[in-house]
Amino acid sequence: MIATRRDANDLLLRGSIALARVEAAGIKIDVDYLERTRTEIAAQVKTLTAELRNDKIFSRWRKRYGEKTKIGSREQLGQVLFGDIGLPGGVPTAGSRGTKKERYQCDEEILAQVDLQFVRDWLKCEELKRTNATFLGGISREVCNGFMHPIQNLHLARTYRPSVDHPNGQNFPARDEAMAKLVRTAIIPRRGRIFVEVDFKGAEVGTGACYHKDPVMLDYIKTDAGKMHLDMAAQIFKMRVEKVPKALRNLVKGSFVFAEFYGSWYKNCAPSLWKQAEPEWLAHLARKTGITELGECKLPRDGEFFDPVPGTFEHHVAVIEKDFWGRRFRGYAEWKKSWYADYVKRGYFDMLTGFRCAGVFSKNEAVNYPIQGAAFHCLLWALIELNDWLIRKKMRSLIVGQIHDSMQLDCTEDELPDVLARVVWIITKALPRAWDWIIIPLSVEIEGSRKNWFEKAPLAV
DNA sequence: AAACCGGGCCAC
DNA sequence: AAACGTGGCCCGGTTT
């Protein structure tokens, strides 16, 4: 059955009702830990700030800005480092708010190249301040009787994805181990329960394949979806697949494969890969190919195009990109083209889940929205089913959150096996039966902890 | 003082 | 021709 706009409306309504219950349930917070940690971090920030103020770079900063000196100002730091001292690396850009005033770009990537203790300490200090303000502070502000109740929105994103606010429970640190620990330790299950996270494996890649049906992609998905990142890493860095280090595979996954899926291109991917690659990977590539230079990677300007120079990494990535879309994932590329052409002709496009997007969209938007939206709708469908079942069975276990392709549960010990079995059944069996456009196998990853979100580990079903 | 905006950074 | 998609939120800086 093809999903209709009526189906989409029903999903939105039932989804809103289910998410209202998620909001009401709320997530338990270890308030003691939270407030203790906020105090500790504040003390660390104070110490670090005092050290920064003793540095001779800060004297220079102070001399220049006087009363206006603000130690948290990136604009001022950039001016001092790259303007006054004249360190290399800073790029002046146009100022904000239509003013012509130039300022130096001063993000972490640029600052990481400055070999000064002052700058390393400044970055550390800012990260701690940000963690305390955005995440721990954000939770603390919203805690009520030991629970936070983030607002679940289904009507804000152009993609028909969800968003969450007060606080945003979808962007708590995960990748940086230290930051993740600081924040996620505060998220705990109710007394005697287990905090569970159910994750849709490869939700977006799989949903994309349901649109374009690219045979190579389908093959990867049916055998081992992760293999494509390995293959691309091997191709780009001229290694045997078995020799590709995990970190390299992850770099290629993020900075090439997914970037390309979202619509990036070699002019952006090549510098990103080059800058993040370990020296030994680049040395290996140099031995194999003679490539020792990134290349200019100059973006088109005033109608002028700058061809990559053969022998550079830019050129190398351009060639691989051509192979990526012209051979490896040709079916995906052709789908993008015809999908966009159809949209331009009609002025709208429909998702596999029945949602219609009408309006002005760029090519990247028009090909990404339907994938992102429908991928989330799979999770939403499962969340609604699980919620209904929990109510029907008078279970005490609760759904407490959702992050696009995962849901967080707060399960009682006695219900845990049944809940997990049901969730697996809903996603892997009931969902593909309900939506026959799903032509790929669905699988889930389940983790949990009796302590807190950070301590989560795989759970056996 | 409030409103607004850009830059930056967190997640998927 | 176009060129990384979607959000929330913090801070600093500027305008109202």
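Here is how names work: the chains are called A, B, and so on, in the same order as the sequence lines, proteins then strands, and each is numbered from 1.
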Check DNA chain C against [range] and give the residues with a non-hydrogen atom under 4.0 Å, in numerical order.
range	answer
residues 36-49 of chain A	none
residues 158-166 of chain A	A:R158, A:T159, A:R161, A:S163, A:V164, A:D165, A:H166
residues 339-371 of chain A	A:N364, A:E365, A:N368, A:Y369

Does anything in [range] form a salt bridge (Lys or Arg N to Asp or Glu O under 4.0 Å)? List the pairs, not counting sequence neighbours.
range	answer
residues 319-329 of chain A	A:D323-A:R327
residues 118-130 of chain A	A:D115-A:R120, A:K124-A:E127, A:E126-A:K129
residues 247-266 of chain A	none

(request) Using a strict 4.0 Å threshold on nitrogen-to-oxygen distance, state whether A:R64 and A:D84 make a salt bridge. (result) yes
(message) Any carboxylate oxygen within less than 4.0 angstrom of a Lys/Arg side-chain nitrogen, looking at A:E334 and A:K337?
(response) no
When all nucleic acid strands are considered with a 4.0 Å heavy-atom cut-off, which category describes [X]: base, sugar-phosphate, or nothing?
X	value
A:F172	sugar-phosphate
A:L299	nothing
A:E108	sugar-phosphate
A:A157	sugar-phosphate
A:C269	nothing
A:Q76	sugar-phosphate

Below the 4.0 Å mark, does [N] have OP1 or OP2 next to a side-chain nitrogen or oxygen of [X]?
X	N	result
A:R130	B:dG8	no
A:N268	C:dC4	yes
A:Q402	B:dC12	no
A:S73	C:dG13	yes
A:R184	B:dC10	no
A:R175	B:dC12	yes

In whole angstrom, what separates [X]'s [atom1] from [N]'s [atom2]?
X	N	atom1	atom2	answer
A:K181	B:dC10	NZ	P	19 Å
A:R103	C:dG12	CZ	C1'	8 Å
A:L379	C:dT6	CG	P	20 Å
A:E127	B:dG8	CD	P	17 Å
A:M148	C:dG8	CE	C1'	14 Å
A:E109	B:dG7	CD	C1'	15 Å
A:E126	B:dC10	CD	P	12 Å
A:Y262	C:dC4	OH	P	13 Å

(request) Please examine the side chains of A:I187 and A:D30, heavy atoms only from C-beta on, and report whether any two atoms are closer than 4.5 Å. (result) no
(message) Starting the side chain at C-beta, find the nucleotide from C:dA3, B:dA11, B:dG8 nearest to A:F305.
(response) C:dA3
(request) Could you work out which one of B:dA11, C:dG12, C:dC10 sits closest to the side chain of A:A174? (result) B:dA11
(message) Can you say whether a donor on the side chain of A:Q372 sits under 3.5 Å from an acceptor on the base of C:dG5, or the other way round?
(response) yes
(request) To the nearest 0.5 Å, tell me how far A:Q372 CD sits from A:T159 OG1. (result) 5.5 Å
(message) Nearest 0.5 angstrom please: A:W435 CH2 to A:C210 SG, how far?
(response) 11.0 Å
(request) Give a yes or no on whether the ring-centroid distance for A:F256 and A:F324 is below 6.0 angstrom. (result) yes
(request) Tell me which of A:G72 and A:L156 sits closer to the 5' end of DNA chain C, going by the nucleotide each one is nearest to. (result) A:L156
(request) Identify which one of A:Y343, A:W339, A:Y348, A:Y340 satisfies the ring pair (Phe, Tyr, Trp, His ring centres under 6.0 Å) criterion when paired with A:F361. (result) A:Y343
(message) I'd like to check the side-chain hydrogen bond (donor to acceptor under 3.5 Å, both in side chains) partners of A:S255; sequence neighbours left out, ordered by chain and number.
(response) A:S272, A:Q276
(message) I'd like to check the side-chain hydrogen bond (donor to acceptor under 3.5 Å, both in side chains) partners of A:D165; sequence neighbours left out, ordered by chain and number.
(response) A:N153
(request) Treat a base pair as Watson-Crick or G-U wobble with both distances under 3.5 Å, then lay out DNA chain C in dot-bracket form, 5' to 3', with | for cross-strand pairs. (result) ....||||||||||||
(message) I'd like to check the ring pair (Phe, Tyr, Trp, His ring centres under 6.0 Å) partners of A:F237; sequence neighbours left out, ordered by chain and number.
(response) none
(request) Give me the ring orientation class for A:F261 and A:F329: parallel if the planes are under 30° apart, tilted from 30 to 60°, perpendicular past 60°. (result) perpendicular
(request) Determine the Euclidean distance between corresponding C1' atoms of C:dA3 and B:dC10; express it in Å to zero decimal places. (result) 25 Å
(message) Taking side chain to side chain donor-acceptor pair (under 3.5 Å) as the cut-off, I'd like each qualifying pair that reaches into residues 13-28 of chain A, sequence neighbours left out, listed once.
(response) A:R14-A:D388, A:R21-A:N387
(request) Give every residue pair that meets the side chain to side chain donor-acceptor pair (under 3.5 Å) criterion with at least one member in residues 173-187 of chain A, sequence neighbours excluded. (result) none
